[in-house]
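Order of the sequence lines sets the chain letters (A, B, ...), proteins ahead of strands, with each chain counted from 1.
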Number of protein chains: 2
Amino acid sequence: MKPPQEVLADYLARQNLKMTAQRRLILDVFLREKNHLSAEELYAKIKTQDPSVGQATVYRTLKLLTEARLAEEVNFADGVLRYEPLYGIEHHDHLICEGCGKNIEIMDPVIERRQEELARKHGFVLSRHKMNLYGLCEKCRKKNKAPKKTTPG
Amino acid sequence: MKPPQEVLADYLARQNLKMTAQRRLILDVFLREKNHLSAEELYAKIKTQDPSVGQATVYRTLKLLTEARLAEEVNFADGVLRYEPLYGIEHHDHLICEGCGKNIEIMDPVIERRQEELARKHGFVLSRHKMNLYGLCEKCRKKNKAPKKTTPG
DNA sequence: ATAGATGCAAATGGTTTGCAGAGCT
DNA sequence: AGCTCTGCAAACCATTTGCATCTAT
């Protein structure tokens, strides 16, 4: 499998775009992350490595990485677009705790297969899907079970 | 089953909020829609009925309807938040054509069950989920199969 | 009477864009 | 050399908020 830098280089070449120091840096920092970063968060990390990089470049490069299939947009419904590395990563979905924000990556072949079948039944051919499951994790359920404190005293 | 107006009235009462002409109107117009409207789109429709209603009120009321479980936010990843009526409507997911934007409501018990199992395995109890399948519908696949036109003449 | 609702307009905040200068190829 | 990139700041645009006024309860 081609290293991600090469994937990007190839994509850029194919599109007649150019490889730059910024793009290399952004890709590097981005891939090092295991969390789902927003553009702003990534921008902050980038700045610690090279304060001269502009925020617009981070936004633009994330779009580029998405097109190059090195990143994927994920939307946790909190108004901010996040990105997750896609390089060498198996497809997965998300199980999100509404209490603490914890986020577990899940993947179920049965669901995947049914999705395809379902789509086919409607004449669709799928290119991708997003599935987010929202609920409460064990810890947060226990936390909430505790009796509500009235103002003490 | 309680009529939606009553559902809203009950919710408002429970929260010590008030029923107003605007809220009634917005609920009415909203429920009459079968499409997934953005706040702006709903605002436009509302204005034809009563031009005096402010846009902020539409935004605020949609949030209210969501809390009252009469509406549900849906996010098709195009930067705009849409709402769909939830009153008396079975839960369903979405199959979206990336070619023409067509949107089919789907629901599969097998997937629903697996989701619960999957969540339980991780110690979660689910409150809700969103699943969007993206692909191309039959028409759009045929359209795209046609050889690319070069500038004619 | 009074807490809450409304409309307006201004503010917000994530994201995009125009532009002049810099950098790849 | 020429087309693309970059950083900056301004622009965008959906959504939210402050406030004076109005209204349901």
Side-chain angles (χ1 to χ4, degrees), chain A residues 5-6 8-30 36-68 71 73-83, chain B residues 5-6 8-30 36-68 71 73-83:
Chain A
Q5 291 77 4
E6 204 178 318
L8 179 56
D10 285 2
Y11 175 78
L12 293 175
R14 227 174 311 124
Q15 306 288 317
N16 286 313
L17 304 178
K18 291 164 184 172
M19 178 59 86
T20 65
Q22 290 92 329
R23 287 176 179 172
R24 251 188 296 266
L25 173 62
I26 292 171
L27 175 61
D28 263 29
V29 175
F30 176 64
H36 307 79
L37 292 182
S38 66
E40 299 281 357
E41 287 161 349
L42 181 56
Y43 175 51
K45 300 216 177 248
I46 295 288
K47 289 255 277 203
T48 67
Q49 311 261 327
D50 179 351
S52 77
V53 174
Q55 158 191 58
T57 302
V58 175
Y59 275 93
R60 289 190 273 232
T61 303
L62 278 172
K63 286 245 174 304
L64 214 53
L65 295 183
T66 304
E67 289 160 20
E73 301 182 342
V74 291
N75 204 319
F76 290 168
D78 61 350
V80 190
L81 197 53
R82 286 160 210 290
Y83 291 84
Chain B
Q5 290 78 4
E6 203 178 318
L8 178 56
D10 285 3
Y11 175 79
L12 293 174
R14 227 176 310 124
Q15 306 287 319
N16 285 314
L17 303 177
K18 292 165 183 169
M19 178 58 88
T20 65
Q22 290 92 330
R23 287 176 178 172
R24 251 188 296 264
L25 173 62
I26 293 171
L27 175 61
D28 264 30
V29 174
F30 176 64
H36 308 80
L37 292 182
S38 67
E40 298 282 358
E41 287 161 348
L42 181 56
Y43 175 51
K45 299 215 179 250
I46 295 288
K47 288 255 277 202
T48 67
Q49 311 263 325
D50 179 352
S52 77
V53 174
Q55 156 191 60
T57 302
V58 175
Y59 275 93
R60 289 190 272 233
T61 302
L62 278 171
K63 286 244 173 305
L64 214 54
L65 295 183
T66 303
E67 290 160 21
E73 300 182 342
V74 292
N75 204 320
F76 291 167
D78 60 350
V80 190
L81 197 53
R82 285 160 211 289
Y83 292 84

- Nearest-Å distance for atom pair CG/P, residues A:Leu81 and D:dC13: 18 Å
- Item | Side-chain heavy atoms of B:Leu42 within contact of B:Tyr83, under 4.5 Å | no
- Item | Pairwise side-chain contact, A:Val80 with A:Glu40, heavy-atom cut-off 4.5 Å (strictly under) | no
- Message: Rounded to whole Å, please give me the gap between CG in B:Asn75 and C1' in D:dA14.
- Response: 12 Å
- Query: What residues, two or more places apart in sequence or in another chain, satisfy salt bridge (charged side-chain N to carboxylate O under 4.0 Å, His left out) together with A:Asp10?
  - Reply: A:Lys2
- Between CZ of B:Arg82 and C1' of D:dC13 the distance, given in whole Å, is 14 Å
- Query: Does any non-hydrogen side-chain atom of A:Gln55 lie less than 4.5 Å from one of A:Val58?
  - Reply: no
- Message: Can you build the contact string for nucleotides 16-25 of chain C? Use B for base contact, S for sugar-phosphate-only contact, and - for no protein heavy atom under 4.0 Å.
- Response: BBB----BBS
- Item | Between C:dT6 (P) and B:Leu62 (CG): distance, integer Å | 12 Å
Show me the protein contacts with nucleotides 11-13 of chain C, counting only N or O atoms at under 3.5 Å.
none

- Give a yes or no answer on whether the side chain of A:Arg24 reaches the backbone of A:Gln5 with a donor-acceptor pair at less than 3.5 Å. no
- Message: For the CD atom of A:Gln22 and the CD1 atom of A:Ile46, what is their distance to the nearest 0.5 Å?
- Response: 10.0 Å
- Item | With sequence neighbours excluded, residues passing salt bridge (charged side-chain N to carboxylate O under 4.0 Å, His left out) with B:Arg82 | B:Glu41, B:Asp78
- Query: Is there a donor-acceptor pair under 3.5 Å between the side chain of B:Arg23 and the backbone N or O of B:Leu65?
  - Reply: no
- For B:Leu62 and B:Thr66 the tightest heavy-atom approach is O-OG1, 2.8 Å
- Query: B:Lys63 versus B:Glu73: any side-chain heavy-atom pair under 4.5 Å?
  - Reply: yes
- Query: Where along residues 40-50 of chain B does a heavy atom fall under 4.0 Å from DNA chain C?
  - Reply: none
- So how far is it from B:Met19 CE to B:Leu12 CG, rounded to the nearest 0.5 Å? 5.0 Å
- Given DNA chain C, 5'-ward residue of the pair B:Leu12 and B:Pro51, judged by closest heavy atom: B:Leu12
- At how many degrees, to 10°, do the end axes of the helix from C:dA1-D:dT25 to C:dT25-D:dA1 meet when each uses five pairs? 40°
- Check step by step if side-chain contact (heavy atoms from CB on, under 4.5 Å) holds for A:Asp28 and A:Gln49. CA-CA 11 Å; A:Asp28 263 29; A:Gln49 311 261 327; over 6 Å; no
- Query: Contact class for B:Ser38 vs. all strands (heavy atom < 4.0 Å): base, sugar-phosphate, or nothing?
  - Reply: nothing
- Take A:Ile26 and A:Leu64 through the test side-chain contact (heavy atoms from CB on, under 4.5 Å) and record every step on the way to the result. CA-CA 11 Å; A:Ile26 292 171; A:Leu64 214 53; over 6 Å; no
- Round to the nearest Å and state the distance from B:Leu64 atom CG to D:dT15 atom P. 17 Å
- Using atom CZ of A:Arg14 as one end and atom C1' of D:dT4 as the other, report the distance to the nearest whole Å. 18 Å
- Whole-Å distance between C:dG14 P and A:Glu73 CD? 16 Å
- Message: Using the rule given for side-chain hydrogen bond (donor to acceptor under 3.5 Å, both in side chains), can you reason through B:Lys47 versus B:Tyr43, listing the C-alpha separation, both sets of side-chain angles and the distance that settles it, and then say yes or no?
- Response: CA-CA 6 Å; B:Lys47 288 255 277 202; B:Tyr43 175 51; 3.2 Å; yes
- Sorted by position of nearest nucleotide on DNA chain C, 5' first, the leading residue of B:Gln15 and B:Thr57 is B:Gln15
